[in-house]
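Okay, structure first, notes after.
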Amino acid sequence: MSRYKGKRQLSDIYKKIPSDSPVGLVRLQEPQEASLFLRIMEGYSHLAMIVPLYPDTGWYSIYTTPDNRQEVESILSTLPVRLTTMQFVNAGQLPVIVLQGD
């Protein structure tokens, strides 16, 4: 049995999301708090999907539906993990924003 090595398809998920779907971009103030952030957000898996963009610097994307966007924003604003950036854009804008960097 060979070990699965993957194809990094998860990082290209934005290509399959409708361009008008909301995508949240968040940056953790303390990247070492990522484990707590991810565990809390896993509890809300019915509302959003979290994808690490640049986990070493604290950047994550949050995919949700237009109906759930307000609830996800509310959850993010009350987390015990501090965020330096929280912005929602349309999925069609994501590659441009991600490439802009800091």
Side-chain angles (χ1 to χ4, degrees):
M1 178 186 293
S2 66
R3 184 174 162 198
Y4 175 73
K5 295 185 172 64
K7 296 181 182 178
R8 297 184 181 259
Q9 292 177 346
L10 189 58
S11 62
D12 292 333
I13 195 167
Y14 68 87
K15 295 176 184 174
K16 298 176 184 171
I17 304 287
S19 63
D20 61 341
S21 294
V23 177
L25 297 171
V26 297
R27 185 174 191 184
L28 306 178
Q29 185 172 344
E30 302 291 332
Q32 61 269 24
E33 293 181 340
S35 179
L36 176 61
F37 170 70
L38 293 171
R39 295 218 184 241
I40 291 171
M41 293 308 293
E42 281 176 4
Y44 296 105
S45 62
H46 63 286
L47 293 176
M49 180 180 68
I50 311 300
V51 176
L53 293 174
Y54 302 105
D56 54 330
T57 57
W59 281 103
Y60 293 85
S61 61
I62 300 172
Y63 295 87
T64 188
T65 64
D67 296 342
N68 293 332
R69 177 182 169 173
Q70 282 188 335
E71 191 167 354
V72 171
E73 285 184 271
S74 172
I75 292 165
L76 291 172
S77 66
T78 59
L79 287 176
V81 177
R82 293 172 300 207
L83 304 174
T84 59
T85 303
M86 184 179 83
Q87 173 183 4
F88 273 82
V89 297
N90 289 335
Q93 295 174 296
L94 183 59
V96 174
I97 290 173
V98 171
L99 293 176
Q100 288 176 352
D102 292 335

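By convention here, the first residue in the shown sequence is residue 1. Only heavy atoms go into these numbers, but all of them, side chains included; no hydrogens, no water, no symmetry mates.
One distance of note links OG of S61 with CG of L25; it measures 7.0 Å at 0.5 Å rounding.
The nearest pair of heavy atoms linking A34 to L28 is CA-CD1, 3.5 Å. For the pair P55 and P31, the tightest heavy-atom approach, listed with the atom from each and the gap, is O-CB, 4.1 Å.
Applying the side chain to side chain donor-acceptor pair (under 3.5 Å) rule to Q70 yields no partners; only residues at least two apart in sequence or on another chain are considered. Under the side chain to side chain donor-acceptor pair (under 3.5 Å) criterion, T65 pairs with N68, sequence neighbours left out. By the side chain to side chain donor-acceptor pair (under 3.5 Å) test, E73 is found to be paired with R69, residues two or more places apart in sequence or in another chain being considered. A search for side-chain contact (heavy atoms from CB on, under 4.5 Å) contacts involving P66 returns P22, not counting sequence neighbours.
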Please list every donor-acceptor pair under 3.5 Å in which a side-chain atom of residues 78-86 meets a protein atom from a residue at least two apart or in another chain.
residue : atom : partner : partner atom : Å
T78     : OG1  : S74     : O            : 3.3
T78     : OG1  : I75     : O            : 3.1
T84     : OG1  : R27     : O            : 3.3

Residues 36-46, side-chain donor-acceptor partners within the protein, below 3.5 Å, at least two apart:
none

Q: Could you check I62 against V51 for side-chain contact (heavy atoms from CB on, under 4.5 Å), going step by step and ending with a plain yes or no?
A: CA-CA 6 Å; I62 300 172; V51 176; over 6 Å; no

